[in-house]
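What follows is a short report on a single structure.
In what follows, every chain begins at residue 1, and chains take the letters A, B, ... in the order their sequences are listed. What you see below is based on every heavy atom in this structure, not just the backbone, and it leaves out hydrogens, waters and symmetry mates. Since this is a predicted model, take the numbers as computed values, not measurements.
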Amino acid sequence: MKVLYFAWLRERLNRASDEVAPPAEVQTLADLVSWLRSRDEALDYAMADPSIFKLSRDARIVPWDTPLDGAQTVAILPPMTGG
Amino acid sequence: MKVLYFAWLRERLNRASDEVAPPAEVQTLADLVSWLRSRDEALDYAMADPSIFKLSRDARIVPWDTPLDGAQTVAILPPMTGG
Amino acid sequence: MIRVTADGFDAGAEANRFAASHTDVGAMVTFTGLVRSLPNDPILALILECYEELATNELAALREQAISRFGLTDAAIIHRHGRLVPGETIMMVMTLAPHRKAAFEGAQFLMDYLKTDAPFWKQEETATGARWVVTMPKDKDARSRWIG
Amino acid sequence: MIRVTADGFDAGAEANRFAASHTDVGAMVTFTGLVRSLPNDPILALILECYEELATNELAALREQAISRFGLTDAAIIHRHGRLVPGETIMMVMTLAPHRKAAFEGAQFLMDYLKTDAPFWKQEETATGARWVVTMPKDKDARSRWIG
């Protein structure tokens with residue numbers, strides 16, 4: 001599974017993506033975020049206030065409690081500033 | 001003094017303007033309208049509901065109780081439908 | 001800029017020129033009114049009568065009011081009169097502001113007042129003759145929300 | 001129409017094309033976002049990062065939602081990414097409707113959601129370096145008024 005990072009999150013991690021294989025107990029996107037944070041101090045620190053981030057699953061924004069359910073790509077999205 | 005009529009009011013009266021010389025007791029635009037209506041049955045009938053009309057004095061919309069005060073041109077404006 | 005004219009105009013070109021006329025603006029809103037012909041109630045043309053001198057004065061006053069009330073960088077109104085066919089542009093309102101809220105509100109304010117206080121009168125030309133367009137009560141309501 | 005692009009575009013020409021794409025509409029509203037540089041806080045450029053596939057999907061969904069919610073005849077969004085200099089057009093939202101209320105509300109709705117839910121991130125390039133633009137709390141407020 002691919003995990004994408006954008007904007008200042010991408011800069012802080014010094015990379016735009018990770019290729020990961022989470023264990024079976026990682027069921028939802030929220031689980032995935034917790035699992036990623038437990039493995040990566042920089043990510044853990046950058047997401048200290050998780051409420052500001054949105055998540056996408058296969059290029060659609062979805063709630064944090066959405067099941068991974070075979071997702072190919074998950075993105076962690078800092079607050080957006082388009083428009 | 002010139003009095004202008006527009007749109008369906010102009011059509012009903014079969015003319016776009018009148019040249020009038022109201023007597024001294026005609027002090028305000030409202031007085032002028034009353035005086036004009038008293039002399040013209042078609043206008044009197046067309047203005048049966050005066051509340052729908054606005055008035056202008058020398059090319060500015062003003063309240064009905066505005067003094068004539070040497071006005072050159074007064075217009076009687078049916079409900080506007082611009083935009 | 002206020003323009004009351006019998007001539008057609010290019011709305012897109014006007015908007016581009018207006019946007020380019022100021023730096024340090026972030027937001028532009030335009031409203032364009034188009035002659036509409038419905039399949040079940042077709043019209044051949046819209047004929048706009050106008051009291052030109054009064055229109056110019058009232059639109060200029062309205063523009064000043066919108067600029068100061070909403071803190072706009074600029075505002076412009078172009079309004080045609082004469083005979084227009086379906087698809088033609090009747091009028092256009094444009095606002096420029098640092099942020100979108102002011103630009104949107106300024107444009108809506110201008111439209112609401114223009115509908116009831118600008119001396120234009122529309123007549124629809126149909127296959128069976130011409131009829132005057134009647135004011136919509138909702139236009140009076142729209143305007144009243146800005147009072148007080 | 002949804003377009004997410006690194007290329008510049010002619011906002012006026014786009015608006016003209018959009019207006020001409022439908023008959024039986026009376027009202028068009030456009031919002032144009034421009035790169036702004038303030039005299040007391042000048043920027044050299046605005047750099048927009050984008051998750052293109054997600055942006056296309058979310059803007060398409062947002063467009064459908066606005067059309068059905070406000071009874072729009074059509075809606076369009078064009079959004080650039082990449083490096084833009086002051087005065088350039090960042091993005092544009094356009095709505096077409098039978099009447100002005102729907103056209104205005106539809107455009108405002110699109111802008112409010114786009115500000116918080118479209119995956120674009122702005123960075124300001126200044127003489128002393130680059131800085132990420134922070135979300136304005138007022139953008140969250142603007143969006144919340146459409147809920148419920």
Side-chain angles (χ1 to χ4, degrees), chain C residues 9-43 46 73 85-101 103-105 107-112 114-115 136 138-139 141-142, chain D residues 9-43 46 73 85-101 103-105 107-112 114-115 136 138-139 141-142:
Chain C
F9 63 93
D10 180 332
E14 294 291 345
N16 281 350
R17 196 163 5 213
F18 185 64
S21 68
H22 293 271
T23 50
D24 62 314
V25 292
M28 175 168 70
V29 168
T30 74
F31 176 89
T32 310
L34 302 153
V35 181
R36 180 164 76 118
S37 182
L38 298 172
N40 58 342
D41 186 20
I43 65 163
L46 199 63
T73 307
V85 297
E88 277 194 271
T89 301
I90 306 167
M91 50 75 60
M92 186 173 193
V93 152
M94 301 186 274
T95 56
L96 276 171
H99 299 288
R100 76 184 186 286
K101 188 170 185 287
F104 269 118
E105 288 187 352
Q108 279 170 301
F109 171 88
L110 285 171
M111 283 309 302
D112 287 349
L114 197 150
K115 284 270 175 190
M136 301 291 163
K138 70 175 179 335
D139 284 331
D141 296 347
Chain D
F9 62 93
D10 180 332
E14 294 290 345
N16 281 350
R17 199 166 359 220
F18 185 64
S21 68
H22 292 270
T23 50
D24 61 316
V25 291
M28 175 168 72
V29 167
T30 73
F31 177 90
T32 310
L34 302 153
V35 180
R36 184 164 75 117
S37 181
L38 297 173
N40 58 342
D41 186 19
I43 64 164
L46 198 64
T73 307
V85 297
E88 276 195 272
T89 302
I90 305 167
M91 50 75 60
M92 186 175 194
V93 152
M94 303 186 273
T95 56
L96 275 172
H99 299 289
R100 77 182 185 288
K101 188 170 186 289
F104 269 118
E105 288 188 352
Q108 278 170 298
F109 170 88
L110 285 171
M111 283 308 303
D112 288 348
L114 197 150
K115 283 269 174 190
M136 300 294 163
K138 70 174 180 333
D139 284 329
D141 295 347

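For D/V35, the part sitting under 4.5 Å from any heavy atom of chain C is the backbone (N, CA, C, O) and nothing else. With a threshold of 4.5 angstrom between heavy atoms, D/T23 does not approach chain C through any atom at all. Contact annotation for D/A20: neither backbone nor side-chain heavy atoms come within less than 4.5 Å of a heavy atom of chain C. Residue D/P42: no heavy atom, backbone or side chain, is found under 4.5 Å from chain C. Residue D/I90: no heavy atom, backbone or side chain, is found under 4.5 Å from chain C. For a residue to count as touching a neighbouring chain, one of its non-hydrogen atoms must lie under 4.5 Å from one of that chain's; by this rule D/H99 touches chain C with the side chain only.
Contact count versus chain C (heavy atoms, under 4.5 Å) is highest, among D/V25, D/V29, D/L38, for D/V25. With respect to chain D, the highest number of heavy-atom pairs below 4.5 Å among C/A107, C/A103, C/G87 belongs to C/A107. Interface summary for chain D: among C/K115, C/R17, C/M94, the most heavy-atom pairs under 4.5 angstrom belong to C/K115. When each of D/A27, D/P86, D/A19 is scored by its heavy-atom pairs under 4.5 Å with chain C, the top score falls to D/A27.
Remark: D/F104 engages C/F31 in a ring-ring contact (aromatic ring centres under 6.0 Å, His included) (not counting sequence neighbours). Residues passing the side-chain hydrogen bond (donor to acceptor under 3.5 Å, both in side chains) test with C/D24: none are found, sequence neighbours excluded.
Nearest heavy-atom pair, C/G12 versus D/N16, reported as atom, atom and distance to 0.1 Å: N-OD1, 2.9 Å. The minimum heavy-atom distance linking D/T30 with D/A15 is given by the pair CG2-CB, 4.2 Å.
For C/S37 (side chain) and C/I43 (main-chain N/O), a donor-acceptor pair under 3.5 Å exists by modelled atom type.
In this structure the side chain of D/M91 reaches within 4.5 angstrom of the side chain of D/L114, judged on heavy atoms. Taking 4.5 Å as the limit, every side-chain heavy atom of C/L46 sits out of range of all side-chain heavy atoms of C/R36.
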